[in-house]
Amino acid sequence: MALTVLCVSFVLLLVLGVPVAFSIGLACLATFAVEGLPFETAIQMMVSGMNVFSFLAIPFFIFSGELMLHGGIADKIVAFARSLVGHWKGGLGLANVVASTLFGGVSGSPVADTSAMGGVMIPVMKREGYSAAYAVNVTTHASLSGALMPTSHNMIIYAFAAQGAAGMVGAHMVKGVSIGDLMFAGLIPCFWIMVCMLVAAYWQARKFGFPRSEDGRSMVQAFPGWGMVLRTFVASVPGLFVVAIILFCVMKGVATATEAAAIAVTYSLLLTVFIYRTMTRERLLKSLAKASKTTGVILLLIGVSNMLRYQMAYLEIPDTIEQALLTATREPWLMLLYINIIQVILGIFLDMAAHILITTPLFLPLAMQMGVGPVQFGMMLLLNCALGLVHPPVGSVQFVGCAIGKISIGEATKTAWPYYLAIFIAINLVTYVPWFSTWLPSVITGHPVF
């Protein structure tokens, strides 16, 4: 009975359009009432879920990204990417992919990435002979790499959700997951996503003849020269350097992830205020307000998701799902396929933070039985979550892109399949080729990473 109340009330609230955080919280409270459990326990679970020291990194990473977003860093990255590949067929689309990937490393947020790159690139692309749907899809899908970059606060959330995982992977005992390992693990998948997106953007540009004027003439521009490439690169390096700072601090043990995030905020302030001199009082207040709002939303999701995790443990839902999947198959490759399919479906309805916190305790123990370590599973999970950001009905990144491009979600989705395919390729590579996400952190840390 309690399980039915939990599932039915949650789905019903989502269908009615109630925000995900409130849907989870209200469904849990209804289940507590049916079970006769004290509501004080629910509040305790919610508060304890948010009261974690490592979560201090979340507002720092978010604030750093907002400072970069409103401090004009995006413009300099776009100028570099455009000078490098803007003269090719579909050049602005390719420049958009490169710029979105680079800025994703700075912001650590697909939504912030889309806001920054979309605000700069989508109007320019529409004006210079690209369709609105093409401009939106290139921007939104390339921005997904921000979820796997070292500045991503979603990695902090996953590390917390996976901290209780323990088991044998191969011949090694694995317990929990290192945030530093996750930061390095995401770099190669990010690069691969960029390559796949470049191929998809180039193919579509060739197919539809972008860029072209209204009378059908090509609008490909001339190469500005390597001198311009060098100048724009030098101008963009200080903004991109924040990624190197975070990786260096974590790799050398100079600072924890939380302290590295605080250093990133300090660096971003110094850069935008004293070097670029683009940060005004109004922009700073806007960055603070946006970071505070985003942090509040994420912490609320973390709190109610911890309440839901308590309910799932109480109702033995993880054990039930594990037994059901083990009954369906014992083949590792097929089990991982099932897990990915379920993750993709859940990603359509769940916000990224809630998705991570709910599904990690469900599927990570099972994945470890199949030989997949927590770092590799983290990359699988983050990629699946990222795909949900561009897929309706939740699709927050796609909504932002379509709002900037002034087109409907349906119009953009019609031509989005090459970019979905690129993400699916990346998901399968991370799933079935372990070294794809574990080789780099293993080399850097000097010990096996799983």
Side-chain angles (χ1 to χ4, degrees), residues 1-51 55 58 110-111 147 153-154 157-158 160-161 293-321 324 339 341-363 381 384-400 402-403 408-410 413:
M1 178 63 181
L3 179 59
T4 303
V5 171
L6 179 64
C7 296
V8 172
S9 58
F10 176 60
V11 173
L12 181 61
L13 288 166
L14 282 180
V15 171
L16 292 174
V18 178
V20 174
F22 292 101
S23 297
I24 295 173
L26 292 172
C28 288
L29 290 176
T31 310
F32 268 85
V34 169
E35 294 170 335
L37 295 173
F39 286 146
E40 289 84 352
T41 303
I43 302 303
Q44 287 174 355
M45 290 298 104
M46 187 172 178
V47 173
S48 65
M50 295 184 285
N51 189 24
F55 282 166
I58 294 176
V111 174
H153 60 268
N154 293 296
I157 297 173
Y158 170 73
F160 166 76
K293 180 181 177 181
T294 305
T295 301
V297 171
I298 291 173
L299 288 178
L300 177 61
L301 278 167
I302 290 171
V304 296
S305 296
N306 198 55
M307 194 193 308
L308 179 59
R309 291 172 69 190
Y310 174 84
Q311 278 289 346
M312 290 192 300
Y314 184 82
L315 298 173
E316 299 181 343
I317 294 175
D319 294 336
T320 303
I321 292 176
I339 292 175
I341 291 173
I342 295 171
Q343 298 270 27
V344 169
I345 295 172
L346 290 175
I348 295 174
F349 304 101
L350 292 176
D351 184 87
M352 195 163 186
H355 190 164
I356 294 169
L357 289 162
I358 292 170
T359 60
T360 298
L362 288 178
F363 297 118
L381 177 59
N384 278 300
C385 291
L387 183 62
L389 296 176
V390 291
H391 199 290
V394 176
S396 55
V397 168
Q398 195 74 346
F399 275 109
V400 172
C402 288
S408 67
I409 292 287
T413 304

Side-chain contact test, heavy atoms from C-beta onward, threshold under 4.5 Å: evaluate it for [X] versus [Y] and give yes or no.
X    : Y    : result
M352 : L301 : no
I302 : I58  : yes
F22  : V304 : no
T31  : Y314 : no
L26  : S9   : no

I need the [X] [atom1] to [Y] [atom2] distance, nearest 0.5 Å.
X    : Y    : atom1 : atom2 : value
Q343 : I339 : CD    : CD1   : 7.5 Å
M307 : T41  : CE    : OG1   : 10.5 Å
M312 : T359 : CE    : OG1   : 8.5 Å
L37  : L29  : CG    : CG    : 11.5 Å
H355 : I157 : NE2   : CD1   : 12.5 Å
F160 : I356 : CZ    : CD1   : 12.5 Å

For [X] and [Y], which heavy atoms make the closest approach, and how far apart are they?
X    : Y    : answer
A161 : L357 : CB-CD2, 4.1 Å
N306 : M45  : ND2-O, 2.7 Å
L13  : A27  : CD1-N, 4.1 Å
R309 : P361 : NE-CG, 3.9 Å
I409 : C402 : CD1-SG, 3.7 Å
V34  : A2   : CG1-CA, 4.4 Å

For S305 and I358, indicate whether the former's side chain and the latter's backbone hold a donor-acceptor pair under 3.5 Å.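 Pair absent, no side-chain N/O of S305 close to backbone of I358.
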
Show the numbers, then the answer: is there a side-chain contact (heavy atoms from CB on, under 4.5 Å) between F363 and L381? CA-CA 10 Å; F363 297 118; L381 177 59; over 6 Å; no

What orientation do F39 and F32 show, parallel under 30°, tilted 30 to 60°, or perpendicular over 60°?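 Rings of F39 and F32: tilted, 30 to 60°.
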
Applying side-chain contact (heavy atoms from CB on, under 4.5 Å) to L6 and L308, what does each step give before you reach the verdict? CA-CA 9 Å; L6 179 64; L308 179 59; 3.9 Å; yes

